[in-house]
Amino acid sequence: MIELRDVCFSFDGEISVLDHVSLTVGAGERVLLLGSNGSGKSTLARLLNGSLPPSSGTVSVDGAVDGLARLVGYVRQDPRNQLVSAVVSDEVAFGPRNLGLSREEVVARADEALDACGISRLRDRMTSELSGGQQQLVALAGVLAMRPRYLVLDEATSMLDKATRAHVARVVDEVAARGVGVIEISHKPVLRPDRVLAMRGGRLTEGELPRE
């Protein structure tokens with residue numbers, strides 16, 4: 001379970017971006033997080049996987065408070081800000097390789113993730129030559145190759161066309177069905193959530209599904 005207890009966060013020590021936020025997300029649960037620009041959604045997402053430490057309060061994942069990036073995968077809105085390798089296969093293998101796994105395990109995980117995202121045919125392509133949708137699928141595959149227990153999609157489908165959004169939805173739906181908890185930050189969600197929450201002024205409240 002992801003658990004935030006009374007979490008506050010400020011970049012400058014004065015203005016609170018998150019104001020006493022508490023949240024739990026269980027294994028296999030699908031949570032949709034809504035909110036206007038600047039409401040604190042992405043800041044919360046970064047706290048969930050340890051990219052940012054809370055100013056106060058605690059963030060834990062299945063009881064752990066360290067190494068959260070291994071447990072919570074994070075897919076950003078713009079894949080160009082996430083991709084670090086020139087070749088697709090190297091990009092997807094990057095995370096598992098940094099875990100210190102054997103070469104055989106790294107290759108197996110990369111192959112599994114490429115297949116799960118339906119992009120095995122792209123393994124030898126240059127990441128810079130791919131379309132935006134293909135780059136996002138590569139970014140997602142790189143995260144899935146880490147075999148996270150939870151997955152955060154931070155507006156990850158907002159720049160995709162309808163067909164690619166549907167593709168990502170199928171991939172993430174299968175991941176959630178295997179017990180991975182998913183937090184989707186989006187105004188146009190691709191998953192049917194179990195719960196809808198909203199960020200308003202750094203505070204977390206109950207929300208409603210956006211109208212079509």
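Any value given below was found using the heavy atoms of this structure, including those in side chains, with hydrogens, waters and symmetry copies removed. The first residue of the sequence shown is numbered 1, and numbering continues consecutively from there.
In the hydrophobic clustering of this structure, Leu23 does not group with Leu32; members are Ile, Leu, Val, Met, Phe, Trp, Tyr whose side-chain heavy atoms approach within less than 4.5 Å, directly or through other members. Transitive grouping of hydrophobic side chains (ILVMFWY, heavy atoms separated by less than 4.5 Å) keeps Leu47 and Leu34 in distinct clusters. In terms of hydrophobic clustering, with Ile, Leu, Val, Met, Phe, Trp and Tyr side chains grouped at heavy-atom distances under 4.5 Å, Leu71 and Val59 are assigned to a common cluster. With hydrophobic clusters built from ILVMFWY side chains whose heavy atoms lie under 4.5 angstrom apart, Val152 does not share a cluster with Leu191. Leu44 is not connected to Val65 by any chain of hydrophobic side-chain contacts under 4.5 Å among Ile, Leu, Val, Met, Phe, Trp and Tyr, and they are in different clusters.
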Can you give the donor-acceptor pairs under 3.5 Å from side chains of residues 171-183 to other protein atoms, not counting sequence neighbours?
{"residue": "Asp173", "atom": "OD1", "partner": "Arg30", "partner atom": "NH1", "Å": "2.3"}
{"residue": "Asp173", "atom": "OD1", "partner": "Arg30", "partner atom": "NH2", "Å": "3.3"}

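Residues Leu33 and Leu204 are in side-chain contact: their nearest non-hydrogen atoms beyond the backbone lie under 4.5 Å apart. The side-chain heavy atoms of Met146 and Pro96, taken from C-beta on, include a pair separated by under 4.5 Å. Taking the side chain as every heavy atom from C-beta outward, Val31 and Asp194 never approach each other to under 4.5 Å. Side-chain contact between Arg125 and Glu129 is present, with at least one heavy-atom pair separated by less than 4.5 Å. Using a 4.5 Å cut-off on side-chain heavy atoms (C-beta onward), Thr58 and Leu4 make no contact. In this structure, Val88 and Leu114 have side chains that are in contact, with non-hydrogen atoms separated by less than 4.5 Å. The shortest side-chain heavy-atom distance between Gln136 and Leu160 falls under the 4.5 Å cut-off. Contact check for Leu144 versus Cys117: side-chain heavy atoms found under the 4.5 Å cut-off.
Rounded to the nearest 0.5 Å, atoms CD1 (Ile2) and CG (Leu68) are 8.5 Å apart. Taking CD of Glu91 as the start and CE of Met126 as the end, the distance is 12.0 Å to the nearest 0.5 Å. For the atom pair Leu153 CG and Ser186 OG, the distance stands at 9.0 Å (nearest 0.5 Å). Remark: Leu18 CG to Phe11 CZ distance equals 8.5 Å, nearest 0.5 Å. For the atom pair Asp78 CG and Met159 CE, the distance stands at 4.5 Å (nearest 0.5 Å). For the atom pair NZ of Lys162 and NZ of Lys188, the computed distance is 11.0 Å after rounding to the nearest 0.5 Å.
For Thr157 against Arg165, the heavy-atom pair with the smallest separation is OG1-NH1, 3.1 Å. Residues His20 and Cys8 approach most closely at N-SG, 3.3 Å, considering heavy atoms. Contact record, Asp154 with Tyr74: OD2-OH, 2.7 Å, taken as the closest heavy-atom pair. Across Arg97 and Asp90, no two heavy atoms sit closer than the pair NH1-O, 4.1 Å. Looking at every heavy atom in both residues, Arg76 comes nearest to Gln82 through N-OE1, 2.9 Å. Heavy atoms only, all atoms of each residue included: Ala141 and Ala113 are closest at O-CB, 3.2 Å.
Judged by distance alone, the side chain of Thr164 and the main-chain N or O of Gly133 form no donor-acceptor pair under 3.5 Å. Checked by atom type and distance alone, the side chain of Gln135 never pairs as donor or acceptor with a backbone atom of Arg80 at under 3.5 Å. Glu29 contributes a side-chain N or O that, together with a main-chain N or O of Gly26, makes up a donor-acceptor pair within less than 3.5 Å. Lys41 places a side-chain N or O within donor-acceptor distance of the main-chain N or O of Ser36, the cut-off being under 3.5 Å. In this structure, the side chain of Arg121 engages the main chain of Gly118 through a donor-acceptor pair within 3.5 Å. Judged by distance alone, the side chain of Ser85 and the main-chain N or O of Val87 form no donor-acceptor pair under 3.5 Å. Judged by distance alone, the side chain of Glu3 and the main-chain N or O of Ser60 form no donor-acceptor pair under 3.5 Å. In this structure, Ser55 contributes its side chain and Ser10 its backbone to a donor-acceptor pair below 3.5 Å. Listed for the Glu206 side chain is no donor-acceptor partner under 3.5 Å among the backbone atoms of Ala198.
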query: Going through the distances and angles, do Ile119 and Gln134 end up as a side-chain contact (heavy atoms from CB on, under 4.5 Å)?
result: CA-CA 8 Å; Ile119 53 172; Gln134 290 172 329; 5.9 Å; no
- request: Any chance you could lay out the side-chain hydrogen bond (donor to acceptor under 3.5 Å, both in side chains) test for Gln77 and Ser158, step after step, and finish with the verdict?
  value: CA-CA 7 Å; Gln77 179 179 21; Ser158 63; 2.9 Å; yes
message: As a quick check of understanding, evaluate side-chain contact (heavy atoms from CB on, under 4.5 Å) for Leu83 and Val138, giving each step before the final call.
response: CA-CA 8 Å; Leu83 303 180; Val138 171; 4.0 Å; yes
- prompt: Are Arg123 and Val92 close enough, and set up right, to give a side-chain contact (heavy atoms from CB on, under 4.5 Å), and what steps lead you there?
  reply: CA-CA 9 Å; Arg123 69 172 62 250; Val92 179; over 6 Å; no
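Look at Arg192 and Glu184 and you find no salt bridge, because none of the NZ, NE, NH1 or NH2 atoms lies under 4.0 Å from a carboxylate O. Remark: Asp19 engages Arg203 in a salt bridge, criterion side-chain N to carboxylate O under 4.0 Å.
Around atom CZ of Arg195, more than 12 heavy atoms belonging to other residues, nucleotides or ligands sit under 6.0 Å away. In Asn81, the CG atom is crowded: over 12 heavy atoms of neighbouring residues, nucleotides or ligands sit closer than 6.0 Å.
Defined by atom type and a distance below 3.5 Å, a donor-acceptor pair is missing between the side-chain atoms of Arg5 and Ser22. With no hydrogens or angles considered, no side-chain donor-acceptor pair links Asn49 and Tyr150 at under 3.5 Å.
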